[in-house]
Amino acid sequence: MAEHPCPKWLDNAIFYEIYPQSFQDSNGDGIGDFAGILSRLDYVAGLGCNALWLNPCFASPFGDAGYDVADYFQAAPRYGTNQDLKRLFEEAHRRGMHVLLDLVPGHTSVEHSWFKQSMRAEPNEYTDRYVWTDSVWKSPEGYGSLRGISARDGSCAVNFFSCQPALNYGYYQPDPAESWQQPTDAPGPQATIRAMIEVMRFWLRMGCDGFRVDMAGSLVKQDPESLGTMGVWRQVRAFLDEEFPEAAIISEWGEPEKSLACGFHMDFLLHFGSSRYNDLFRCENPFFAGRGDASAFAARYLESRAAAAGRGLVCIPSGNHDMERLARRVHGERLKLAFAFLLTMPGAPFVYYGDEIGMRYLEGLPSVEGGYDRTGSRSPMQWDSSPGAGFSAAPKERLYIPQDEAPGRPTAEAQLQDEHSLLNEVKRLTALRQRHTALQSWGEIEFVHAPKNACPLAYLRRGGGETLLVILNPSDEEAVCPLPQAPKELLYSIGNPPKLRPGEAAVPPVSCAVFAL
């Protein structure tokens with residue numbers, strides 16, 4: 001395989017996203033923790049995942065599930081200590097796994113000591129750490145704000161919730177009439193960058209392997225082309241290249257032409273924006289529910305790949321903590337086809353905890369810690385059929401989020417014992433991916449059949465001296481697919497294999513096949 005501008009371990013990485021408070025509770029308080037995650041590392045490794053993304057685990061008042069950080073240098077006590085987190089890194093490494101932490105560089109909690117100092121009337125080291133106007137009667141245009149909360153005269157911009165004051169990375173196009181709008185090279189914005197680099201250095205020295213970066217494209221204000229924000233990340237990448245060349249950074253950005261150009265190793269296809277990712281799993285008629293269209297996704301995906309220009313990876317997740325569960329709209333055997341797609345596409349795939357057993361989206365839950373409609377995708381992992389589903393010994397009224405109590409809820413224990421389960425299909429697919437370089441992160445892709453409003457979807461994967469053909473038909477009808485050449489060997493199938501005819505394949509309903517050409 002040719003060398004690429006990314007840490008080598010990303011070549012065959014398969015990530016598992018863990019929402020810490022909902023994964024495994026080790027002490028019976030109803031909230032997941034580091035010890036719980038550690039106790040389940042063998043499960044994750046057995047699934048075939050060799051990398052973890054942990055959602056925010058820093059000290060926080062949890063107004064937004066930990067995305068409101070109160071201390072970047074301290075693990076959240078609800079999860080354990082810094083030493084507990086270090087041990088988790090060490091145990092993951094012992095199993096050949098890598099761990100990314102979730103970094104939130106755009107804002108903090110109002111309870112962060114930096115913000116408390118910045119509210120003071122007298123100038124100090126943190127006066128310019130946040131975006132403040134020069135008058136309480138003036139708001140930062142285009143942003144929400146906090147005002148009337150401090151002795152300092154001014155309003156402070158917020159990035160999302162009102163508990164999340166925006167850190168100051170400057171304005172790319174500051175208004176000369178507004179002296180409080182600092183350019184990106186001013187001392188305040190540069191001090192913020194140095195502070196965030198120090199946070200990254202601290203955890204990398206502790207043993208983490210990199211960061212997933214929240215709202216990575218949102219740092220610099222009045223930056224319509226993202227040029228200022230890209231400049232920030234180039235500084236960060238220079239630091240990583242010098243001190244931690246094996247560390248990886250992945251962006252929540254969704255614009256690989258920007259994120260990968262400024263130093264990120266990976267970017268996600270997101271459920272918002274122009275990726276057409278929702279066409280596959282989360283629209284009124286998703287392709288993998290057997291009723292939708294994948295053609296626009298395929299076209300947009302190739303555009304993203306071209307924009308990436310080989311500088312990094314474009315990654316596709318099964319879901320995440322901000323989306324409805326995969327199983328909300330895709331059901332039964334079609335969930336296996338969805339995973340067959342995810343695990344045979346380029347880039348490093350991401351499996352959201354519980355998706356591998358088809359955990360359901362829980363409708364109508366009250367918001368928990370800023371979850372709102374996302375709360376239904378954050379319910380506790382379902383390990384077994386015990387009253388707490390193996391997640392916690394706490395009574396159900398003390399659980400962080402209510403569990404799925406519907407009859408027949410899926411569990412890891414039951415699926416591990418069922419050869420035909422979704423979980424075991426995912427294990428077979430991860431093994432297939434690891435056996436074939438063509439299916440891994442850097443393998444090339446060519447869509448050979450992506451008809452509008454029709455099936456099947458078919459693509460070639462090339463790499464390591466081999467060419468593989470993947471054919472997916474989630475519809476209820478047999479579908480015909482042209483063959484670029486006669487297949488040599490059927491490597492993998494879900495459902496009945498295709499019937500091969502000269503120049504084409506008749507693909508049975510709800511089926512998948514991977515051929516060697």
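Treat the numbers as computed from the prediction; the structure is a model and nothing was measured.
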Centroid separation under 6.0 Å, is that true for the rings of [Y] and [X]?
X	Y	value
Trp383	Tyr43	yes
Phe297	Phe287	no
Trp114	Tyr72	yes
Tyr16	Tyr353	no
Phe281	Tyr277	yes
Trp53	Phe211	no

Original post:
For Arg87, does the CZ atom sit with more than 12 other heavy atoms under 6.0 Å from it, leaving out its own atoms?
Top reply: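 Check fails, neighbour count at 12 or below.
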Subject >> Glu246 atom CD: more than 12 heavy-atom contacts under 6.0 Å >> reply: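 Enclosed: over 12 neighbouring heavy atoms sit under 6.0 Å from CD of Glu246.
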From [X] atom [atom1] to [Y] atom [atom2], the distance as rounded to the nearest 0.5 Å:
X	Y	atom1	atom2	result
Asn453	Ser295	CG	OG	6.5 Å
Gln74	Phe58	CD	CZ	11.5 Å
Arg329	Leu335	CZ	CG	13.5 Å
Thr108	Tyr130	OG1	OH	3.0 Å

Between [Y] and [X], is there a side-chain donor-acceptor contact under 3.5 Å, judged purely by atom types and distance?
X	Y	value
Ser226	Asp223	no
Arg300	Ser274	yes
Asp68	His107	no
Asp102	Tyr67	yes
Ser26	Asp33	yes
Asn55	Glu17	yes
Thr344	Tyr459	yes

Original post:
When you measure from the side chain of Asn473 to the backbone N and O of Pro456, does any donor-acceptor pair fall under 3.5 Å?
Top reply: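 No; zero donor-acceptor contacts below 3.5 Å.
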Original post:
Taking the side chain from Ser109 and the backbone from Val69, do they hold a donor-acceptor pair closer than 3.5 Å?
Top reply: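 Checking the backbone N and O of Val69 against the side chain of Ser109, no donor-acceptor pair under 3.5 Å is found.
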I'd like to know if [X] and [Y] make a salt bridge, using a cut-off of under 4.0 Å between side-chain N and carboxylate O.
X	Y	value
Arg328	Glu363	yes
Arg78	Glu369	yes
Glu284	Arg291	no
Arg212	Glu252	yes
Asp64	Arg374	yes
Arg311	Asp267	no
Arg95	Glu91	yes
Arg276	Asp279	yes

Subject >> ring pair (Phe, Tyr, Trp, His ring centres under 6.0 Å) partner of Tyr79, chosen from Tyr19, Tyr400, Phe34 >> reply: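 Going through Tyr19, Tyr400, Phe34 one by one, the ring pair (Phe, Tyr, Trp, His ring centres under 6.0 Å) with Tyr79 is satisfied by Phe34 alone.
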Original post:
Out of Phe350, Tyr352, Phe15, which one pairs with Phe268 under the ring pair (Phe, Tyr, Trp, His ring centres under 6.0 Å) rule?
Top reply: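 Testing each of Phe350, Tyr352, Phe15 against Phe268, the sole residue satisfying ring pair (Phe, Tyr, Trp, His ring centres under 6.0 Å) is Phe350.
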Original post:
Tell me, do Pro509 and Glu477 make a side-chain contact under 4.5 Å, heavy atoms counted?
Top reply: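 Heavy-atom side-chain distance check fails, nothing below 4.5 Å.
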Subject >> Distance-minimising heavy-atom pair for Ser39 and Gln24 >> reply: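 Minimum heavy-atom contact is OG-CG, 3.8 Å.
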Original post:
So Leu52 and Leu41, side chain to side chain contact (heavy atoms under 4.5 Å, CB included) or not? Walk me through it.
Top reply: CA-CA 10 Å; Leu52 301 176; Leu41 285 181; 3.7 Å; yes
Subject >> Derivation and outcome, ring-ring contact (aromatic ring centres under 6.0 Å, His included), residues Phe264 and Trp233 >> reply: CA-CA 8 Å; Phe264 281 94; Trp233 291 114; 4.8 Å; yes
Subject >> Test side chain to side chain contact (heavy atoms under 4.5 Å, CB included) applied to Val99 and Asp209, Leu85, Ile18, the passing residue >> reply: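 With Val99 as partner, Asp209, Leu85, Ile18 yield a single side chain to side chain contact (heavy atoms under 4.5 Å, CB included), made by Asp209.
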Original post:
Between Tyr361 and Arg325, is there a cation-pi geometry (under 6.0 Å to ring centre, at most 45° from the normal)?
Top reply: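 So Arg325 doesn't make the cation-pi contact.
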